[in-house]
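Here the structure is a predicted model, which is why all the values come from computation and not from measurement.
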Amino acid sequence: MFTFAMTLARFGRAVLGLRRDPERRGLVTLAVVTVAGGTWFYHLVEGWSWLDSLWFSVVTLTTVGYGDLVPVTDAGKLFTIAYLVTGIGILLAFVTEVAGEVRRGQRARAD
């Protein structure tokens, strides 16, 4: 449990570090807007709860795809196709930048 808490703290510090950098602030905003937009869409179109909509958005963009929820409307299916094509790249860029920020923080503490 301690290891999880430390990892979560590192992640939080890295995201805050990205937000301070004007060049990467847009990526953080874009990642948040992408997940929030998907959550909003699935809540309205598929009629899922906010938590289920958030769950599906994150599981979809991280390519985990448990299959516990699936869009049943044509609009939901078409949106999901576009959401996957654009969102995976955005989330990948965000995770890459967060990992780089964590490494930079570890190097700074080591010096």
Matching residue for T39 among L54, L44, D52 - test: side-chain contact (heavy atoms from CB on, under 4.5 Å) = L54
Given side chains that start at C-beta, do those of Y42 and L69 come closer than 4.5 Å, heavy atoms only?
-> no
All heavy atoms of S57 vs all of G38, minimum pair found to be OG-C, 3.2 Å
Could you tell me whether the side chains of E46 and S53 share a donor-acceptor contact shorter than 3.5 Å?
-> no
F41 and F79 aromatic ring geometry - parallel, tilted or perpendicular at 30°/60° bounds | parallel
With distance as the sole criterion, is a donor-acceptor pair present between the side chains of T34 and Y83 under 3.5 Å?
-> no
Residue from R13, R24, R10 passing side-chain contact (heavy atoms from CB on, under 4.5 Å) with E101 | R24
When clusters are formed by joining ILVMFWY residues with side-chain heavy atoms under 4.5 Å apart, either directly or through shared neighbours, do I81 and L84 land in the same one?
-> no
Describe, in one word, how the ring planes of Y66 and W55 are oriented to each other, choosing from parallel (under 30°), tilted (30 to 60°) and perpendicular (over 60°).
-> parallel
Which heavy-atom pair separates G76 from V45 by the least distance, and what is that distance?
-> N-CG1, 4.1 Å
Heavy-atom count around D68 CG within 6.0 Å, excluding the residue itself: above 12?
-> yes
Spell out, yes or no, whether L30 and V28 are grouped together once hydrophobic residues are joined by side-chain heavy atoms under 4.5 Å, including indirect joins.
-> no
Can you name the nearest heavy-atom pair linking T80 to P71, along with the distance?
-> OG1-CG, 3.4 Å
Which word best sums up how the rings of H43 and W50 line up, parallel for under 30°, tilted for 30 to 60°, or perpendicular for over 60°?
-> parallel
V85-L78 co-clustered via ILVMFWY side chain contacts under 4.5 Å | no
Roughly how far, to the nearest 0.5 Å, is the OG1 atom of T3 from the CG atom of L8?
-> 12.5 Å
Path from I90 to F94 over hydrophobic side-chain contacts below 4.5 Å = no
hydrophobic_cluster_shared for V95 and L92, side chain cutoff 4.5 Å | no
